Amino acid sequence: MAVITGGAGGIGAAVAQRLVAEGGAVVVADIHFANAQQVAQPLGDAALAVHLDAGQADSIAAMIESAVSHFGGIDILHNNAAITTPEIQRQDTTAVDIPVEVWRQILEVNLTGYLLGCQFAIPHMIARGGGSIINTASNSGMVGDVARIGYGTAKAGVINLTKHVATQYGRSGVRCNAVAPGLILTEATQRSVPELAKNYARHLALPRLGRAEDVAALVAYLASEEAGYMTGQCISIDGGSLMHQPHFADFVGETT
Ligand SMILES: NC(=O)c1ccc[n+]([C@@H]2O[C@H](COP(=O)([O-])OP(=O)(O)OC[C@H]3O[C@@H](n4cnc5c(N)ncnc54)[C@H](O)[C@@H]3O)[C@@H](O)[C@H]2O)c1
C-alpha cells in the first residue's frame with residue numbers, strides 16, 4: 001500500500017489513480033481534505049483520504065499511523081506535497097528579497113516534510129521487509145533561476161535527501177529514488193504561471209508538454225519490483241528540457 005502526500009494535486013492524484021489501477025491501495029493525504037476526498041472517493045475501498053499538514057511533524061506521524069492502522073502496513077511512500085500557491089510563489093524571489101519567513105515555510109513543507117515522511121514510514125517498511133520511497137524533486141533543484149530561490153533550494157535538498165536515505169536504509173530493503181519533472185501541465189501550473197507553458201515549449205526536445213500521467217507512470221515503475229535494483233537515483237521527466245545546449249531553442253523554436 002502507498003501513501004501519497006499532496007495526493008489531491010495534479011501529479012499526486014494521477015499517481016493515486018495509477019497505483020489503484022495496478023491493484024494497489026493508497027492513502028491520499030493533503031492539506032485540502034475535501035480535494036483529497038474527491039480523489040479518493042471514485043477509487044472506492046482502495047483509497048483513504050487523510051488530512052495532512054506536511055509542515056507539521058505531528059500531522060505527518062498521524063498520516064503514517066492512519067495508513068498502517070487502516071491498511072495494515074506501508075510499502076510505498078510518495079513524498080510529493082509542495083506549496084504551489086501563487087501568493088507564496090510571488091514572494092519566493094531572490095536571495096536579497098525573499099522574506100525569511102517565506103523561505104522557512106517553503107523549506108518546512110517542501111523539504112523537512114519529506115524527511116519526516118521518511119522518518120515515520122521507514123520503521124514500518126523495515127518491519128515488512130522493505131519498501132520504496134519516491135520523492136518528487138524538480139528540474140528547479142538542479143539549476144539556478146531568476147526567481148524561486150526557496151523552491152529550487154528545497155528541491156535540491158530533496159535530491160540529496162534521497163541519496164542519503166537510499167544509502168542508509170538500502171541494506172534494510174528500503175529503496176529511495178526521486179523523480180524530477182520539468183513543467184507538467186496541471187491546474188497549479190496553469191494558475192500560477194499561465195505564460196510559462198508557451199515559453200517552456202521552445203526548450204523541449206519532445207513535441208508536447210508534460211502531463212501528470214507521465215510522472216505517475218514513472219512513480220509507479222519506481223514503486224514496483226521492476227525497479228528493484230534501482231536506488232538513490234533522481235530521474236528527470238521533462239521532455240528533454242534540461243539536457244541540451246542552451247542555444248537549442250534559438251535554432252529549433254516553438255513546438256506545441
Ligand atoms: N507541475 C509541475 O510543473 C511540476 C514540476 C516540477 C515539480 N513539481 C512537483 O510536483 C509535486 C506536485 O505538484 P503539482 O504540480 O501536482 O501541484 P499541485 O499544487 O497540484 O499539488 C501539490 C499538492 O500539495 C498540497 N499541499 C500543499 N501544501 C501542503 C501541506 N502543507 N500539507 C499537505 N499538502 C500540501 C496541495 O494542496 C496540492 O494538492 C510538487 O512537489 C511540485 O513541486 C511539479
Side-chain angles (χ1 to χ4, degrees), residues 3-18 27-40 49-64 77-89 92 102 104-114 116-117 134-143 145 148 150-159 161-162 178-194 196-197 199-201 203-204 209-216 218-219 234-239 241-242:
V3 173
I4 304 160
T5 75
I11 290 172
V15 169
Q17 287 150 8
R18 171 81 190 222
V27 161
V28 180
D30 205 283
I31 201 160
H32 290 121
F33 181 60
N35 296 356
Q37 283 178 309
Q38 273 177 20
V39 172
V50 168
H51 177 264
L52 165 73
D53 181 350
Q56 301 289 333
D58 290 354
S59 182
I60 300 171
M63 167 190 74
I64 297 295
L77 171 65
H78 183 200
N79 278 318
N80 171 73
I83 302 176
T84 56
T85 50
E87 308 77 64
I88 296 293
Q89 285 188 353
D92 182 5
V102 170
R104 288 197 175 114
Q105 194 184 344
I106 292 168
L107 290 183
E108 199 64 33
V109 173
N110 297 14
L111 179 57
T112 307
Y114 286 31
L116 292 173
I134 302 104
N135 296 320
T136 305
S138 169
N139 269 359
S140 304
M142 303 183 198
V143 291
D145 207 342
R148 301 192 76 193
Y151 181 83
T153 304
K155 291 301 188 184
V158 166
I159 294 169
L161 172 76
T162 299
V179 296
L183 182 67
I184 303 295
L185 277 187
T186 61
E187 271 182 38
T189 47
Q190 278 161 336
R191 189 176 57 234
S192 61
V193 274
L196 190 61
N199 291 338
Y200 198 84
H203 300 272
L204 294 174
L209 290 159
R211 305 176 186 127
E213 292 73 20
D214 296 321
V215 183
L218 178 58
V219 172
C234 178
I235 317 292
S236 290
I237 176 152
D238 67 352
S241 55
L242 211 61

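First listed ligand is number 1; within each ligand, the first listed atom is number 1. Everything numeric in this text was worked out from a predicted model, so none of it was measured. This chain uses plain numbering: 1 for the first residue, then up along the sequence.
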message: Does any N or O of ligand 1 fall below 3.5 Å from an N or O anywhere on Leu52, backbone included?
response: yes
query: What protein heavy atom sits nearest atom 10 (O) of ligand 1, and how far away is it?
result: Thr136 CG2, 3.2 Å
- prompt: Got a donor-acceptor contact below 3.5 angstrom from the Asn199 side chain to the Leu196 backbone?
  reply: no
task: Locate the shortest heavy-atom distance separating Thr112 from Glu108; write the atom from each residue and the value.
output: CB-O, 3.4 Å
message: Between ligand 1 and Gly10, is the shortest N or O to N or O distance under 3.5 Å?
response: yes
query: Where do Ala212 and Ile184 come nearest, in terms of heavy atoms and distance?
result: N-CG2, 3.4 Å
query: Does ligand 1 have any atom sitting under 4.0 Å from a heavy atom of Glu187?
result: no
query: Any nitrogen or oxygen of Ile11, main chain or side chain, under 3.5 Å from a nitrogen or oxygen of ligand 1?
result: yes
- prompt: Can you tell me if Asn79 uses its side chain to pair, donor with acceptor, with the backbone of Tyr114 under 3.5 Å?
  reply: yes
field: Exercise: identify the closest heavy-atom pair between Ala154 and Leu111
entry: O-CD1, 3.8 Å
task: Around atom 5 (C) of ligand 1, find the nearest protein heavy atom and jot down its residue, atom name and distance.
output: Gly182 O, 3.1 Å
- request: Tell me which protein heavy atom sits closest to atom 32 (N) of ligand 1, plus the residue, atom name and distance to 0.1 Å.
  value: Ala54 N, 2.8 Å
- request: Examine ligand 1 and decide if any of its atoms is less than 4.0 Å from a heavy atom belonging to Gln56.
  value: no
statement: In ligand 1, the atoms that come under 4.0 Å of a heavy atom of Ser138 are 6 (C), 7 (C)
message: Any heavy atom of Tyr114 closer to ligand 1 than 4.0 angstrom?
response: yes
Distance from atom 27 (C) of ligand 1 to nearest protein heavy atom, with residue and atom: Ala82 O, 3.2 Å
message: Can you report which non-hydrogen protein atom sits closest to atom 29 (C) of ligand 1, along with the distance?
response: Ile31 CG2, 3.8 Å
task: Flag Ile83 as yes when one of its N or O atoms lies below 3.5 Å from any N or O atom of ligand 1, and as no otherwise.
output: no
query: Under 3.5 Å, is there a donor-acceptor pair linking the side chains of Thr5 and His78?
result: no
field: Subset of ligand 1 atoms that lie under 4.0 Å from at least one heavy atom of Gly6
entry: 23 (C), 24 (O), 25 (C)
- prompt: Do side-chain atoms of Asp238 reach the backbone of Gly182 as a donor and acceptor pair under 3.5 angstrom?
  reply: no
- prompt: Between Thr153 (side chain) and Gly150 (backbone), is there a donor-acceptor pair under 3.5 Å?
  reply: no
query: Going by the atom numbers of ligand 1, which of them fall below 4.0 Å from some non-hydrogen atom of Thr84?
result: 17 (O), 18 (P), 19 (O)
message: By the salt bridge (Lys or Arg N to Asp or Glu O under 4.0 Å) test, which pairs, at least two apart or in different chains, include something from residues 5-17?
response: none
task: Please identify which atoms of ligand 1 are closer than 4.0 Å to at least one heavy atom of His32.
output: 37 (O)
- prompt: Which ligand 1 atoms are under 4.0 Å away from a heavy-atom of Pro181?
  reply: 5 (C), 6 (C), 7 (C)
message: Any nitrogen or oxygen of Asn80, side chain or backbone, less than 3.5 Å from one on ligand 1?
response: yes
task: Please name the residue in the list Asn110, Asn135, Thr136 that meets the side-chain contact (heavy atoms from CB on, under 4.5 Å) test with Val158.
output: Asn135
task: Would you mind checking which non-hydrogen protein atom is closest to atom 8 (N) of ligand 1, with the distance to 0.1 Å?
output: Tyr151 OH, 3.5 Å
field: Backbone N/O of Ile4 and side chain of Asn80: donor-acceptor pair under 3.5 Å
entry: no
query: Which heavy atom of the protein is the closest neighbour of atom 1 (N) of ligand 1, given with residue, atom name and distance?
result: Ile184 O, 3.2 Å
- prompt: Numbering the atoms of ligand 1 from 1, which are under 4.0 Å from a heavy atom of Val109?
  reply: 31 (N)
- prompt: For ligand 1, which atoms sit closer than 4.0 Å to a heavy atom of Ala137?
  reply: 7 (C)
- request: Please identify which atoms of ligand 1 are closer than 4.0 Å to at least one heavy atom of Thr189.
  value: 1 (N), 2 (C), 3 (O)
Ser59 side chain vs Leu52 backbone, donor-acceptor pair below 3.5 Å: no
query: Between the candidates Asp30, Thr186, Asn110, which shows the shortest non-hydrogen contact distance to atom 38 (C) of ligand 1?
result: Asp30
For Val102, side chain to side chain contact (heavy atoms under 4.5 Å, CB included) partners two or more places apart: Ile88, Gln91, Ile98, Pro99, Ile106
statement: Smallest heavy-atom separation, Ser241 atom then Leu204 atom, equals CB-CD2, 3.8 Å
- request: Might you point out which heavy atoms bring Ile159 and Gly141 nearest each other, and give the distance in Å?
  value: CD1-O, 4.0 Å
query: Tell me: protein heavy atom nearest atom 31 (N) of ligand 1, and distance?
result: Asp53 OD1, 3.1 Å
